[in-house]
2 protein chains.
Amino acid sequence: MADPIDFYFDFSSPYGYLASTAIDGLAARHGRRVRWRPFLIGALYKQLGYMPLEQPGKRAYFLHDVPRSARAMGVKLTIPASFPEALIAPARALYWIADRDEAKAAAFGAAAYRAYWSEGRKLADPQVVAEIAAGQGFAKDMVLAALNDPKVKDRLKAETDAAIAAGIFGSPFIIVDGERFWGSDRLDQVVKWLATGGW
Amino acid sequence: MADPIDFYFDFSSPYGYLASTAIDGLAARHGRRVRWRPFLIGALYKQLGYMPLEQPGKRAYFLHDVPRSARAMGVKLTIPASFPEALIAPARALYWIADRDEAKAAAFGAAAYRAYWSEGRKLADPQVVAEIAAGQGFAKDMVLAALNDPKVKDRLKAETDAAIAAGIFGSPFIIVDGERFWGSDRLDQVVKWLATGGW
């Protein structure tokens, strides 16, 4: 089987969510699997010294474009009142699950993303994260314990640092055989790259 | 005939160029014409206090994504050695032409954009701009005189200020019946909006 697609994202990124609804399917149609690689975009922005939505005009556009793009894709999406907020627990949980079963990590990632952006659930809450992980067969108390495990915390920090060191500067960021694509609006090019091997 | 589509762009914007190669055709297929509205993105960035490509990782991505996106669209594009540079003369010329013949202004805009991004011509040079305008039937010495006319200079300043006041924050920016689309990667949504009237 060909190398997996790397799917970098932050759970707080709505364009990441839009990409997440399509990434596993398009990969599978080209004989690929997807490595879901959450990172903390707040750490990235802190290091870069900027906040993308601090301009009022750009923020207003974003708040209009996100639901419009979701409707264009047929994806149910509501921007939570708490947006933007750091979503750390689901990212920690995903790596903990990935170390046990990578397919379940992808299914958990998709379910957690959907819970936040389509179902209005409080994804910053460890209890909610544990419930979603339970849907993949993991005991809730084990998940809750993992979320407070220093090794799990360090893992997410290390993954975030590695993503930044690899030049990831936004969410979603998709890498196919070394070729980098930034944004849900590059999904068409990702599909074309998978189909043709490049152009 | 339905209202025209407003196409805001800076000649120095490669994504604006990509959009320019498609905008008139897609508009015509939906019974629309296009108002080409160049503005000076440098003035916008100065007012916003940021430069989008100052981060090394983002700049490297941009320099790779632009030609890749051009190839995906079948558009010949080479990033000039002088990029990024202010391209003021063609923007002034376009408004001067538009006051005489808006269809010729669109044709001039397309030809000037192509000259810079596909043909390697020095679009910052008033002589080159005058030659391109001559292709639309305007005498070169009249164009060269217009480029130094304070009224023409003020017109571009006023158009740039108006674009910024209208909340335009990037290039290209396309407005269809009040609906705003930012970026050449929103062309699919522009076409869908024209076909359906919104969703």
In the single-linkage hydrophobic clustering (I, L, V, M, F, W, Y; side-chain heavy atoms under 4.5 Å), do Tyr113(B) and Val128(B) co-cluster? yes
Checklist entry - If you group Ile, Leu, Val, Met, Phe, Trp and Tyr by side-chain heavy-atom gaps below 4.5 Å, do Trp117(A) and Val75(A) land in one group? => result yes
Counting heavy-atom pairs under 4.5 angstrom with chain B, the leader among Gly57(A), Ala72(A), Gly167(A), Gly170(A) is Ala72(A)
Review point. Under a 4.5 Å side-chain heavy-atom rule over Ile, Leu, Val, Met, Phe, Trp and Tyr, are Phe181(B) and Leu18(B) clustered together?
Key: yes
When every non-hydrogen atom of Tyr61(B) is compared with those of Trp182(A), the smallest separation belongs to OH-N, 2.7 Å
Is it true that, when you exclude Met73(B) itself, more than 12 heavy atoms of the residues, nucleotides or ligands shown sit nearer than 6.0 Å to its CE?
yes
Per-residue tally against chain A (heavy atom, under 4.5 Å) across Asp188(B), Asp185(B), Asp65(B) peaks at Asp185(B)
Same apolar cluster (I L V M F W Y, side chains within < 4.5 Å links), Ile88(A)/Leu123(A): no
Turns out that what part of Arg68(A) lies under 4.5 Å from chain B's heavy atoms comes down to both
Of Lys192(B), Glu179(B), His64(B), the largest count of non-hydrogen pairs under 4.5 angstrom with chain A goes to Glu179(B)
